[in-house]
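Accompanying notes for the structure given below.
The chain is numbered in sequence order, starting from 1. The figures here come from the full heavy-atom set of this structure, side chains too, leaving out hydrogens, waters and symmetry mates.
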Amino acid sequence: MKKFKNNPRALSVALICLLAAGTAAGFARQQFSAQRAAASGQPEVKVMLTGAVARAGESVPLDKAGEVRPGEILDWRITSANEGDGAARQYKTVGQIPRGTSFVAGSASAEYDAVVTYSIDNGKNFSPRPTVEEKQADGTVKQVSAPASAYTQVRYEWSDPLAAGKTLAAAYKVRVR
């Protein structure tokens, strides 16, 4: 932690990154507690969130990167492994957009045709294209696409079950403000 001692901004970004990791894992566990009784076997999905920062054309793991600076791009990867003996049906996972960062438009990707949706209200609602109200010059209000900088979460949803012994991966990028 010495690297962060004199830089409260870097410390807060590092803490946010750790919180984002815990939140993604907690969300995935919640998705399957209600499904366990109905499945023929028991799914047990382990979720791992890893991050890296792009520096000098290389990808440096966050645990080795030291402090992150405004303008740097963090690349998040969510890996979900079903270590149980039953399929995880209607599997979803959510990546947090940590405070102090902005989602990089077009950076969300996932294996196996996941449906990707975004939230601008801390996970209350998700949409493929969130909108906000914008007051027009004539005084009327119009729904317009929300800027990617307003995104607070990105959700990945797979229609096919996550089979026992299988792994899924999803990724997205954020820019440090």
Set of residues satisfying side-chain contact (heavy atoms from CB on, under 4.5 Å) with respect to D121, sequence neighbours excluded
S119, K124, N125
Check W158 against A170 and note the closest heavy-atom contact, atom names and distance.
CH2-CB, 4.3 Å
Taking side-chain contact (heavy atoms from CB on, under 4.5 Å) as the test, write out the residues that go with E58, two or more places apart.
none
For T131, give me all partners under side-chain contact (heavy atoms from CB on, under 4.5 Å), at least two apart in sequence or on another chain.
Q143
Without hydrogens or angle criteria, can the side chains of R129 and S145 be said to hold a donor-acceptor pair below 3.5 Å?
yes
Throw together a table of side-chain donor-acceptor distances under 3.5 angstrom for residues 106-115, partners on residues two or more places apart or in other chains.
unit_1 : atom_1 : unit_2 : atom_2 : d
S107   : OG     : V104   : O      : 2.7
S107   : OG     : K173   : N      : 3.0
S107   : OG     : K173   : O      : 3.4
E111   : OE1    : A169   : N      : 2.9

By side chain to side chain donor-acceptor pair (under 3.5 Å), which residues pair with T152, not counting sequence neighbours?
none
CG of L162 to NZ of K92: how many Å apart, nearest 0.5 Å?
14.5 Å
Rounded at 0.5 Å granularity, tell me how far CD1 in I97 sits from CZ in R175.
13.5 Å
What ring pair (Phe, Tyr, Trp, His ring centres under 6.0 Å) pairs are there with at least one residue in residues 117-139, not counting sequence neighbours?
F103-Y118, Y118-Y151
Could you walk me through whether S80 and T167 pass side-chain contact (heavy atoms from CB on, under 4.5 Å), step by step?
CA-CA 6 Å; S80 304; T167 301; over 6 Å; no
Quick check: is I73 connected to I78 through a chain of hydrophobic side chains (ILVMFWY, heavy atoms under 4.5 Å apart)?
no
Short side-chain to backbone donor-acceptor contact, D75 and A52, under 3.5 Å
no
For G41 and P43, the nearest pair of non-hydrogen atoms, with its separation, is O-CD, 3.5 Å
Identify, with sequence neighbours excluded, every residue that meets side-chain contact (heavy atoms from CB on, under 4.5 Å) alongside T50.
M48, R77
Applying a strict under-4.5 Å side-chain criterion to I, L, V, M, F, W and Y, I'd like to know whether V60 and L74 cluster together.
yes
For Y156 and Y172, take the angle between the two ring planes, folded into 0 to 90°, and tell me which bin it lands in: parallel under 30, tilted 30 to 60, perpendicular over 60.
tilted
Backbone N/O of G123 and side chain of Q153: donor-acceptor pair under 3.5 Å:
yes
Shortest non-hydrogen contact from I120 to P130?
CG2-CB, 3.8 Å
I'd like to know if the side chain of E157 and the backbone of R155 have a donor-acceptor N/O pair within less than 3.5 Å.
no
Intermediate values then yes/no, side-chain contact (heavy atoms from CB on, under 4.5 Å), V94 and V154
CA-CA 6 Å; V94 174; V154 56; over 6 Å; no
Please list all pairs passing the salt bridge (Lys or Arg N to Asp or Glu O under 4.0 Å) test where one or both residues lie in residues 46-57, with sequence neighbours left out.
E44-K46, K46-E83, R55-E72
As a quick check of understanding, evaluate side-chain contact (heavy atoms from CB on, under 4.5 Å) for T79 and V47, giving each step before the final call.
CA-CA 6 Å; T79 305; V47 180; over 6 Å; no
D138: partners by side chain to side chain donor-acceptor pair (under 3.5 Å), with sequence neighbours left out:
T140
